[in-house]
Amino acid sequence: MDQDIQTILSKANSEAPSIESRGAYEGFKATFVGPQGSFTGLRRQMGKLPKEDKPVFGKKINELKQQLESIFAEVEERLEVQELAAKVGPAIDPTLPTTDGNLGTRHPISQIMERIVHVFEKVGFTVASGSELETEFYCFDALNTPPEHPARAEQDTYYMPHEATFSNIPQKEQERYVMRPHTSSVQIRTMLKEGVPLRILSPGRTFRRDTADATHSANFHQIEGLYVGKNVTVTDLKAILDYFAREMLGAGAKVRFRPHFFPYTEPSFEVDFSAEHLGKIGKQWIEIMGCGMVDPKVFEAVGVDPEEYSGYAFGMGIERIAMIATGVDDIRYFYQNDMRFLRQFA
Ligand code: DAH
């Protein structure tokens, strides 16, 4: 009898793992506990036993029954899990990090830069790229800014060691490299490369030897604009900047031109915006950019005939516009990478 019990148990244990359906399970169960089942047959033998053997036999039969039931239960549970998985799809691990909700966003300065570019793209400007590491020629000489001009002083501009070789920048003899103090160098690069007429916009990083405070940073961003064609006048310049102010800051934005001096434009202006409807700014005028009509000397430096062509140029600080548009009153917040600050613009 012990032999029979072992045979039944090992058959049940070895067949159980390969059962993959309810039908197979029912058949499997029947081979043990069905009317013709091996367990049923074994139990029937109890009737033929002498009375004194019955208790031991009964105990063993009961144990076997329990073991079989637990094997059946395991199979049934496994089938249930498989059926559920088939309904809900692949297994889900709730402890894995989510794939949504943690996406990064553009930095507020990049967002404003893209908005500015978009405003000008709508009226036909295309983006020209420049170089952050420049030579004095592109930053100063070609822009009619002579060596004695204060902008070229060591305390305003970052000069690089002369021995350095940066193969992508054509360097004239004895010319020094600088981290560009403004994006105006792109005017020269683009006119030399593409000729005129042209209509370009060039956003990018600029560098000054400034001590950081609420409105200054040694590393900031500008957008340069240049429009060269025939019969371009100050009226065109004023019209484009009026359009820009309203697109950027809303219909309530106002623009003010003040006469100024820049070596590369004549006449030159500084331009202030005011945006009464933008709470924090109130009625203040905020200086946004420099601009003017391209100086004939600049055209001469790039081989364009100033009798034939005229143009306007402007250069603005992106952080300034970002501060007005967002109400942020300290430029340093933009560079601290504090998530509490950045999330506001997500
Ligand atoms: N480069 C000037 C600056 O950094 C801004 C500027 C003034 C750009 C007049 C221009 C311009 O294109 O015409 O302050």
Side-chain angles (χ1 to χ4, degrees), residues 113 116-117 120 125 127-132 134-146 149-153 155-158 178-192 196 198-210 215-229 232-241 244 255-273 286-302 304 306 309-321 331:
M113 193 141 97
I116 298 173
V117 168
F120 283 100
F125 283 75
V127 171
S129 62
S131 174
E132 291 172 8
E134 272 293 3
T135 69
E136 289 184 288
F137 172 76
Y138 292 102
C139 288
F140 301 122
D141 298 288
L143 286 164
N144 191 33
T145 308
H149 194 280
R152 293 179 75 143
Q155 64 269 25
D156 288 328
T157 295
Y158 286 109
V178 296
M179 296 305 290
R180 67 175 176 192
H182 55 186
T183 44
S184 301
S185 50
V186 184
Q187 293 185 28
I188 304 303
R189 283 186 169 269
T190 318
M191 282 193 284
L192 282 176
V196 293
L198 54 74
R199 184 161 29 177
I200 54 132
L201 200 65
S202 190
R205 213 178 263 267
T206 48
F207 309 84
R208 302 260 174 102
R209 294 182 74 131
D210 266 335
T215 53
H216 292 86
S217 167
N219 175 350
F220 58 107
H221 300 80
Q222 288 189 335
I223 287 197
E224 193 77 13
L226 175 68
Y227 181 30
V228 180
V232 182
T233 67
V234 176
T235 312
D236 300 314
L237 172 60
K238 291 189 85 166
I240 192 89
L241 296 182
F244 168 65
V255 183
R256 180 171 82 176
F257 283 69
R258 283 180 287 107
H260 199 74
F261 172 79
F262 295 104
Y264 28 95
T265 42
E266 179 58 35
S268 302
F269 310 94
E270 270 189 334
V271 180
D272 307 327
F273 284 4
I286 304 225
E287 186 197 317
I288 295 292
M289 68 176 99
C291 66
M293 303 306 292
V294 178
D295 194 292
K297 288 256 178 59
V298 174
F299 282 140
E300 279 163 17
V302 295
V304 170
Y309 285 98
S310 54
Y312 61 71
F314 56 85
M316 65 184 105
I318 296 177
E319 279 80 351
R320 282 281 170 86
I321 296 174
I331 199 172

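We count ligands from 1, going down the list as the structure has it; atoms in each ligand are counted the same way.
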Out of the candidates Glu287, Met316, Arg256, Met289, only one should pair with Phe273 under the side-chain contact (heavy atoms from CB on, under 4.5 Å) rule; please name it.
Met289
Distance flag, aromatic centroids of His182 and Phe262, threshold under 6.0 Å:
no
Side chains of Pro267 and Pro259 in contact at under 4.5 Å (non-hydrogen atoms):
no
How about Phe120 and Phe314: are their ring centres within less than 6.0 Å of each other?
yes
For Ser184 and Glu224, what are the C-alpha separation, side-chain angles and deciding distance, and is it a side chain to side chain donor-acceptor pair (under 3.5 Å)?
CA-CA 6 Å; Ser184 301; Glu224 193 77 13; 2.9 Å; yes
Heavy atoms under 4.0 Å from ligand 1: which residues qualify?
His182, Ser184, Gln187, Arg208, Gln222, Glu224, Phe262, Tyr264, Thr265, Gly290, Cys291, Gly292, Ala313, Phe314, Gly315
Can you tell whether the side chains of Lys297 and Glu266 come within less than 4.0 Å, N to carboxylate O?
no
